[in-house]
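Okay, so here's the structure we're looking at.
The figures that follow rest on heavy atoms only: side chains count, while hydrogens, waters and symmetry mates do not. Labels below follow one simple rule: chain letters A, B, ... track the order of the sequence lines, proteins then strands, and each chain is numbered from 1. These numbers come from a predicted model, not from an experiment.
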Number of protein chains: 2
Amino acid sequence: MNTARASSSAATPPAKGARGAGTKGVPRARREEQILAAAMDEFGRHGHASASMAAIAGRVGVTKPMLYTYFGSKDGLYLACLEHVAPRLVTAIEEAMGRSRGRLTAGEKPAAETPHRVLSAVFGVLEEQRGAWFVLYDRTLKPGTDLHAAAHRHRRTIDDLAASGTADLLRGHGNEDPLDADALKHVWTGTVGALVGWWTSHPDQSAQDMAARCARLLTAIRG
Amino acid sequence: MNTARASSSAATPPAKGARGAGTKGVPRARREEQILAAAMDEFGRHGHASASMAAIAGRVGVTKPMLYTYFGSKDGLYLACLEHVAPRLVTAIEEAMGRSRGRLTAGEKPAAETPHRVLSAVFGVLEEQRGAWFVLYDRTLKPGTDLHAAAHRHRRTIDDLAASGTADLLRGHGNEDPLDADALKHVWTGTVGALVGWWTSHPDQSAQDMAARCARLLTAIRG
DNA sequence: CAGAGGTAAATTACCGGAAGGTCATACGTT
DNA sequence: AACGTATGACCTTCCGGTAATTTACCTCTG
């Protein structure tokens, strides 16, 4: 460890007694992680527009220009958040759904435990970043902006997985209406969001707790 | 119609060629309705913080000071929105759930069609104000603010109704866990929000269309 | 091994624009 | 004349974004 001196303990916001300028450095890679984590939470809590760069910087214990030298702009930081969380969710969900198989063929019925497996996977990914879900699914992004398009692009793979699931479910009941499938997809992603939102306001709950809870809820709903 | 001259057709944003000052008056009550409608939509779409007073005013075809003379402040306008939509939703939902009966007694099982009836009621109320739901359920309100408290207060009756429904459902399956009931309540309100959100992006769908769709989806889920 | 210079990490101080909010004033009707 | 409807212009604050500068470490020379 060459940069030994940990003068700024990296999480203390003002580091008040600390040095004026240029206390010298936390290496870039580590700072970027810290900033991403803080940004994820702020963006997730308040939405893109309401989140403030200064607040994100302050939470890391750093000043605004740092964010700009590392991420270029507010949108750049938001985009970095998207690129960080989306692939992890995609991977986890694909694995939970058994990505080898494509859409179900005629007689095949969708596995009843798939929703629960997907939820467990999502909780696992979001355990330390519960706000991240709402970065991907930020209802307040203005349509027509680059960010809106980017968020949709990153959502897309996840939405497609959800769509295949809901389409299979509906087909199993003889319902081929594409609008129904789209609406149910929306309901599903909304449900995941609702669960993550509830989780956010119950910080003591672990991912396993949530998974177990969802198992109980699913049986009650289907019962 | 005494105010005949429709120089500002109420929906044209700038009314560019229009008159200088005092083009004459739409009576206060009617203006307040227009403003409330516009505010509901803007707040619902963008969230409280991101919505702009100027945009709301522009949509009505009026300038900012009008909003302030009629509603005092941005928060005042938001509050007026809450007070406008919350009671209507409460009334409709109470009726749909059969407000006469309290919680279910031991042997009684919750009516299977209740969710569908509630959804139909909600769609009916929101038909012309689809964004209104997200005024009540704005995730981006900062905790600790007056608005956050007010929104929760207005939500409360609705949430309590939802809670009684979910608690009954879970009790019917031998589940008495209060956290489970709370989480399921959250999931239910989240689901309603997801459906309203989908509806918002499919303006051609009527409330009846939505109700019918939900009936199909419910059978598929429970099947 | 000292110092010169390069470079990465970080800050202070500032700019321009957008948005909440206010004031004095202008119309039209009664 | 008086009142209700409405506006243009302005103030202040907050926030995204930038420029100039400072501090600390590393390395390359003599």
Side-chain angles (χ1 to χ4, degrees), chain A residues 1-8 10 12-16 18-35 39 42-43 46-58 60-78 142 145 147, chain B residues 1-8 10 13-35 39 42-43 46-58 60-78 142 145 147:
Chain A
M1 257 200 209
N2 45 3
T3 65
R5 283 285 291 114
S7 68
S8 63
T12 55
K16 55 102 190 217
R19 288 307 345 301
T23 317
K24 199 57 243 294
V26 175
R28 176 162 186 159
R30 200 154 7 245
R31 267 287 188 252
E32 284 180 344
E33 284 172 25
Q34 297 173 352
I35 293 172
E42 285 285 311
F43 283 136
H46 309 302
H48 170 268
S50 307
S52 120
M53 289 284 118
I56 296 169
V60 181
V62 139
T63 50
K64 272 194 301 171
M66 275 275 87
L67 309 197
Y68 285 91
T69 51
Y70 285 174
F71 295 95
S73 68
K74 187 182 192 178
D75 290 11
L77 179 53
Y78 195 88
K142 302 209 179 187
T145 62
L147 243 33
Chain B
M1 262 204 206
N2 47 2
T3 67
R5 282 285 289 116
S7 69
S8 62
K16 52 111 188 196
R19 287 304 347 297
T23 319
K24 193 51 299 288
V26 175
R28 176 164 185 157
R30 190 138 35 229
R31 268 286 189 252
E32 283 180 345
E33 284 172 27
Q34 296 173 353
I35 294 172
E42 284 286 310
F43 283 136
H46 310 303
H48 169 268
S50 306
S52 122
M53 289 286 119
I56 295 169
V60 181
V62 142
T63 51
K64 272 194 299 171
M66 272 278 88
L67 309 197
Y68 285 91
T69 51
Y70 285 175
F71 295 94
S73 69
K74 186 182 191 179
D75 290 12
L77 179 52
Y78 195 88
K142 301 210 179 184
T145 63
L147 243 33

Using only atom types and a distance under 3.5 Å, with no angle test, would you say the side chain of B/K74 pairs donor to acceptor with the backbone of B/S52? no
For A/K142 and C/dA18, what is the distance between atoms NZ and P respectively, to the nearest whole Å? 12 Å
Within the side chain of A/K64, is there an N or O that forms a donor-acceptor pair under 3.5 Å with the backbone of A/G58? no
Would you indicate what B/F71 reaches in the nucleic acid, counting non-hydrogen atoms under 4.0 angstrom: base, sugar-phosphate, or nothing? nothing
Between B/K64 and A/A49, which residue's closest nucleotide on DNA chain D lies nearer the 5′ terminus? B/K64
Roughly how many Å is it from CG in B/L77 to P in C/dA19, rounded to a whole number? 16 Å
Rounded to whole angstrom units, what separation is found between the CD1 atom of A/I56 and the P atom of D/dG17? 11 Å
Taking any heavy-atom pair under 4.0 Å as a contact, classify A/T69: base, sugar-phosphate, or nothing. nothing
Distance in Å, A/Y68 OH paired with A/T63 OG1, rounded so as to fall on 0.5 Å steps: 11.5 Å
Does A/R31 put a side-chain nitrogen or oxygen below 4.0 Å from OP1 or OP2 of C/dA8? no
Within the structure provided, determine whether B/D75 and B/T145 are in side-chain contact (heavy-atom separation under 4.5 Å). no
Mind calculating the distance between OH (B/Y78) and C1' (C/dG20) to the nearest angstrom? 17 Å
For C/dC23, take OP1 and OP2 only and decide whether either is under 4.0 Å from a side-chain N or O of B/Y68. no
Rounded to the nearest angstrom, tell me the gap between atom CE in A/M66 and atom P in D/dG17. 16 Å
Please classify the nucleic acid contact of A/T63 as base, sugar-phosphate, or nothing, using heavy-atom distances under 4.0 Å. base
Do the rings of B/Y78 and B/F43 sit parallel, tilted or perpendicular, given the 30° and 60° boundaries? perpendicular
The nucleotide from D/dT5, C/dG20, C/dT11 with an atom nearest the side chain of B/M53 is C/dG20
Starting at CG of B/L67 and ending at P of D/dT5, how long is that distance when rounded to a whole Å? 14 Å
Can you measure A/F43 atom CZ to D/dC15 atom C1' for me and round it to whole angstrom units? 13 Å
Any base atoms under 4.0 Å from A/A57, or only sugar-phosphate, or nothing? Heavy atoms, all strands. nothing
Please tell me which of the listed nucleotides, C/dA13, D/dT7, C/dA19, lies nearest to the side chain of A/P65? C/dA13
With heavy atoms under 4.0 Å as the rule, sort A/A55 into base, sugar-phosphate or nothing. nothing
What is the separation between atom CZ on A/R30 and atom C1' on C/dA8, rounded to the nearest whole Å? 15 Å
Can you find a donor-acceptor pair, distance only, under 3.5 Å between A/K74 side chain and D/dG17 base? no
